[in-house]
Amino acid sequence: MTDAGAMPLQDHEVSTETFLDDVIDGLSRSPRWLPSKYLYDAAGSKLFDQICELDEYYLTRTEISILEKHGADIARRIGANALVAELGSGSSLKTRLLLDRLESPAAYVPIDISREHLLESARTLQDAYPNIPVLPVCADYMADFDLPAPEHTPSHAVVYFPGSTIGNLEPDEAVGLLKRMAKITGEKGGMVIGVDLRKNKAVLEAAYDDSSGVTARFTMNYPTRMNRELGADFDLAQWKHRAVYNEDLGRIEIGLQSLKTQTVTIGDHAFDFEGGELIRTEHSYKFSLEGFADVASRADWDVLQVWTDARKLFSVQYLETR
């Protein structure tokens, strides 16, 4: 059992210098883009939790319904005495639906880039599950890191990757991440992953541009954060959130749109923007079941089982390394 007051932490928090370098690199490209991982500071993580509760955002409630209905089957697939590592630990609801059903897990390892948000959720879960060691890791899971070793040796490791975050990556990036996870879990390692499925354009665009404007505030938190942490001078009134579905590529494209011709300075760098120009902050690919199985196969994972809702809006899948 772990003392929640003395929460262990493996800390690889991204430095301000790295944040600045990534922003300068992205804004120097054509088309311009900003890494989506920096959306998730403490404020951004809380806004995303609010997004997950929106009527338009079908993803979370649909995934939760799948976990509630098939959680026992998913837990059986995972098996007893597993080390369960969650990528991007968010609100604890989906985590609890899994932990409640697992047989004697060796440890739960939440991994997140936002240190404050990570420790808050980890302490909450440790209080709720005093008999499961909670071993948080502050890291960018797109980079290399090692899993902590729990006191009780696990029989195997399983990555828990709920939500639709795999869709935020370019196909080759998704393959790269899955390969790193295969290396971390080792032979006969497992993964429980949420995969959003292709569907009507109107449903998709409403999910990423809600009527109450929470998603817009989430996107606008990015320039707010750059102003605060990097000394940028974004005039927030001259930018807006934009989300459209690119049917040819099968992905939602999200970004900051400039409302006029303007210049933004960050440190020693000045960036000129045209009116209507878009800085991409995020995109989300939507998959067919066959399409995702192909991505997984390229990373040496086999899809062993798929659970979906009745409307086939979303899927939860269990993968195993070869």
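By convention here, the first residue in the shown sequence is residue 1. Side chains included, hydrogens not; waters and symmetry mates left out as well; all remaining heavy atoms used.
- Separation of the W239 and Y222 ring centroids does not fall under the 6.0 Å cut-off.
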Audit row: R180, F145, side chain to side chain contact (heavy atoms under 4.5 Å, CB included) steps and yes/no: CA-CA 9 Å; R180 284 193 295 278; F145 63 90; over 6 Å; no
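- Using a 3.5 Å distance cut-off with no hydrogens or angles, the side chains of D112 and Y141 do not pair a donor with an acceptor.
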Worked check of side chain to side chain contact (heavy atoms under 4.5 Å, CB included) between I252 and V244: CA-CA 6 Å; I252 282 279; V244 296; over 6 Å; no
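- The closest side-chain heavy-atom distance from F314 to S65 is not below 4.5 Å.
- Here I113 contributes atom CD1 and M142 contributes atom CE; the two are 10.5 Å apart, rounded to the nearest 0.5 Å.
- Side-chain atoms of L125 and R96, non-hydrogen and from C-beta on, do get closer than 4.5 Å to each other.
- A side-chain N or O of R322 and one of S297 form a donor-acceptor pair less than 3.5 Å apart.
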Working for side chain to side chain contact (heavy atoms under 4.5 Å, CB included), residues V195 and Y285: CA-CA 9 Å; V195 180; Y285 281 90; over 6 Å; no
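- Annotation: side chain of F218 is not in contact with side chain of D210 (no heavy-atom distance under 4.5 Å).
- By the 4.0 Å N-to-carboxylate-O rule, D73 lies close enough to R76 to be salt-bridged with it.
- Residues K240 and L259 form a side-chain contact, since some pair of their non-hydrogen atoms from C-beta on lies under 4.5 Å apart.
- Expressed to the nearest 0.5 Å, how far NZ of K183 lies from CE of M181 amounts to 10.5 Å.
- E229 and T16 form no side-chain donor-acceptor contact under 3.5 Å, judged by distance and modelled atom types alone.
- Side chains of T215 and L54 form a contact here, defined as non-hydrogen atoms less than 4.5 Å apart.
- Under 4.0 Å is where a charged nitrogen must lie from a carboxylate oxygen, and between D127 and R123 no such pair does.
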Intermediate values then yes/no, salt bridge (Lys or Arg N to Asp or Glu O under 4.0 Å), D309 and K69: CA-CA 9 Å; D309 59 291; K69 183 175 181 179; over 6 Å; no
Chi angles and distances behind the side chain to side chain donor-acceptor pair (under 3.5 Å) call for D272, T263: CA-CA 4 Å; D272 296 324; T263 300; 2.6 Å; yes
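- Using a 4.5 Å heavy-atom cutoff, the side chains of L98 and I78 are in contact.
- Under the 30°/60° scheme for interplanar angles, the aromatic rings of Y40 and F48 are found to stand perpendicular.
- To the nearest 0.5 Å, the span separating CD1 on I64 from CG on L93 amounts to 4.0 Å.
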Verdict with reasoning, R61 to E68, per salt bridge (Lys or Arg N to Asp or Glu O under 4.0 Å): CA-CA 10 Å; R61 67 172 177 271; E68 289 175 337; over 6 Å; no
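- There is no path of hydrophobic side-chain contacts, each under 4.5 Å, that joins W33 to V23.
- Salt-bridge check for R228 with D41: passed, with a basic side-chain N closer than 4.0 Å to an acidic carboxylate O.
- Residues L249 and L169 fall into different hydrophobic clusters, defined by Ile, Leu, Val, Met, Phe, Trp and Tyr side chains chained together at heavy-atom separations under 4.5 Å.
- A pairwise comparison of heavy atoms in Y208 and S284 identifies OH-OG, 3.4 Å as the closest pair.
- Side-chain polar atoms of N81 and S104 form no donor-acceptor pair below 3.5 angstrom.
- Separating the CZ atom in R251 from the NE2 atom in H283 is a distance of 5.0 Å, to the nearest 0.5 Å.
- At a threshold of 4.5 Å between non-hydrogen side-chain atoms, the residues R311 and T62 do not count as touching.
- In this structure, T185 and W301 have side chains that are in contact, with non-hydrogen atoms separated by less than 4.5 Å.
- Hydrophobic clustering (ILVMFWY, side-chain heavy atoms < 4.5 Å, transitive): L27 and L278 are in distinct clusters.
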Verdict with supporting geometry, V134 and Y129, side chain to side chain contact (heavy atoms under 4.5 Å, CB included): CA-CA 9 Å; V134 177; Y129 299 90; 5.7 Å; no
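- Pairs engaging residues 187-196 under the side chain to side chain donor-acceptor pair (under 3.5 Å) rule: Y58-D196, D196-K199, D196-K286 [sequence neighbours left out].
- By the neighbour-count criterion of 12 heavy atoms within 6.0 Å, atom CG of D302 is densely surrounded, having more than that number from other residues, nucleotides or ligands.
- Between L39 and T281, the closest heavy-atom pair is CD1-O, 4.1 Å.
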